[in-house]
Amino acid sequence: MRITWIGHASFMIETGQRKIITDPYEDYTGYPILNLSADIVTVSHDHRDHNAVRHIGGQPRIVKGNGAFDLDDIQIQGFPAFHDKNQGTSRGAITIYRIEAEGLNLVHLSDLGHIPDADLIKKLVPVDILLIPVGGLYTISAGEAYQISQLLNPRFIIPMHYKTSHCKFDLGMLEEFSSLFDKYIKVPYLDIKSSELPEDSQMVVLEYLAC
């Protein structure tokens with residue numbers, strides 16, 4: 001499995017001969033629209049910085065909402081959660097996706113706005129790769145993201161949804177999250193095999209694809 005950060009909460013996940021793109025965005029975010037195609041697109045909620053499927057080429061299968069999606073060698077499970085700490089009354093509901101492929105479990109936390117309860121944690125684990133928002137304001141803060149990463153105990157922790165030179169939103173900087181770790185690595189993309197998972201959690205910063 002190869003994971004590449006497209007920007008904001010959007011990633012390209014390449015598995016076998018197929019490509020998954022998560023939460024495509026409109027360019028008002030500050031990130032330019034890239035010429036990408038996919039076989040599967042996941043949409044965690046209907047905000048324009050997460051649902052811009054019209055920009056993705058090919059004829060992708062759109063995965064949206066809660067429940068199980070059987071896509072042959074890829075299994076996707078959507079779990080309900082909230083965009084805020086008030087049961088969705090401030091910013092609405094979101095869907096957390098758990099993607100299983102090539103013997104790996106990847107969890108995309110979308111614009112999670114609260115600490116998951118024990119029941120949701122139980123449904124999500126075990127987690128090999130965690131894609132987690134860390135910029136605060138519209139999502140959990142850096143400190144809350146660290147707390148959640150400890151609860152889920154993934155092998156790889158990949159931050160998203162934070163302030164960059166492209167992002168026009170007033171989000172927190174990556175350093176607010178990365179400073180909570182003793183060390184991390186920065187790479188253009190992450191190649192992962194189920195047989196090569198580390199014993200301990202590792203924080204990995206993915207470089208923005210268009211850089």
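In this chain, residues are counted from 1 in sequence order. Keep in mind it's a predicted model, so treat the numbers as computed, not measured.
For the pair Arg98 (side chain) and Gln77 (backbone), a donor-acceptor distance under 3.5 Å is absent. Here the side chain of Gln150 pairs no donor or acceptor atom with the backbone of Gln147 at under 3.5 angstrom. Panel note: side chain Asp23, backbone Ala9; no donor-acceptor pair is recorded below 3.5 Å. Formation of a donor-acceptor pair under 3.5 Å by the Thr29 side chain with backbone atoms of Glu26 is found in this model.
Here ring-ring contact (aromatic ring centres under 6.0 Å, His included) pairs that include residues 175-204, with residues two or more places apart or in two chains, are Tyr146-Phe181, Phe177-Phe181. Screening residues 87-124 for ring-ring contact (aromatic ring centres under 6.0 Å, His included) gives Phe82-His114 as the qualifying pairs, with residues at least two apart or on separate chains. Residue pairs meeting the salt bridge (Lys or Arg N to Asp or Glu O under 4.0 Å) criterion with at least one partner in residues 101-110, sequence neighbours excluded, are absent. The salt bridge (Lys or Arg N to Asp or Glu O under 4.0 Å) pairs that include a residue from residues 116-130 are Asp119-Lys123, where partners are two or more places apart or lie in different chains. Within the structure, salt bridge (Lys or Arg N to Asp or Glu O under 4.0 Å) contacts touching residues 65-81 (residues at least two apart or in different chains) are Arg18-Asp73.
One distance of note links CD1 of Ile20 with CD1 of Ile99; it measures 4.5 Å at 0.5 Å rounding. Ser90 contributes atom OG, which lies 10.5 Å from atom NE2 of His83 (distance to the nearest 0.5 angstrom). For the atom pair CD1 (Ile13) and OG1 (Thr22), the distance works out to 5.5 Å, reported to the nearest 0.5 Å. Rounded to the nearest 0.5 angstrom, Leu34 CG and Leu209 CG are separated by 5.5 Å. For the atom pair Met1 CE and Lys193 NZ, the distance stands at 13.5 Å (nearest 0.5 Å). Taken from CG in Leu36 to CD1 in Ile21, the straight-line distance is 4.5 Å, to the nearest 0.5 Å.
Hydrophobic cluster of Tyr28: the remaining members, joined at side-chain heavy-atom separations below 4.5 Å, are Leu137, Tyr138, Phe169, Leu171, listed by chain and number.
Side-chain contact between Tyr31 and Ile6: absent, with no pair of heavy atoms (C-beta onward) separated by less than 4.5 Å. In this structure, Thr4 and Glu14 have side chains that are in contact, with non-hydrogen atoms separated by less than 4.5 Å. Taking 4.5 Å as the limit, every side-chain heavy atom of Thr95 sits out of range of all side-chain heavy atoms of Lys64. Contact check for Ile3 versus Leu106: side-chain heavy atoms found under the 4.5 Å cut-off. Asp39 is not listed as a side-chain neighbour of Leu71, based on a closest heavy-atom distance of 4.5 Å or more. The shortest side-chain heavy-atom distance between Phe11 and Ile129 does not fall under the 4.5 Å cut-off. Side-chain contact between Pro24 and Val53: present, with at least one pair of heavy atoms (C-beta onward) separated by less than 4.5 Å. Counting heavy atoms from C-beta on, the side chains of Asn105 and Val127 never come closer than 4.5 Å.
Glu144 pairs by the side chain to side chain donor-acceptor pair (under 3.5 Å) definition with Lys85, Ser141, not counting sequence neighbours. Residues that satisfy the side chain to side chain donor-acceptor pair (under 3.5 Å) test with Asp49, not counting sequence neighbours, are His8. Looking at residues two or more places apart in sequence or on another chain, you find no ring-ring contact (aromatic ring centres under 6.0 Å, His included) involving Phe156. Judged as a side-chain contact (heavy atoms from CB on, under 4.5 Å), and not counting sequence neighbours, the contacts of Thr139 are Asp111, Pro133, His161. Not counting sequence neighbours, the partners of Ser201 by the side chain to side chain donor-acceptor pair (under 3.5 Å) test are Asn153. Not a single side chain to side chain donor-acceptor pair (under 3.5 Å) links Lys186 to another residue, sequence neighbours left out.
Ion pair Asp191/Arg2 flagged as a salt bridge, since at least one NZ, NE, NH1 or NH2 atom sits closer than 4.0 Å to an Asp/Glu carboxylate oxygen.
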If you apply the rule side-chain contact (heavy atoms from CB on, under 4.5 Å), what do you find for Ile115 with Leu151, and how did you get there?
CA-CA 10 Å; Ile115 304 294; Leu151 291 172; 4.1 Å; yes

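Here the closest heavy-atom approach between residue Lys163 and residue Lys168 is recorded as NZ-C, 3.9 Å.
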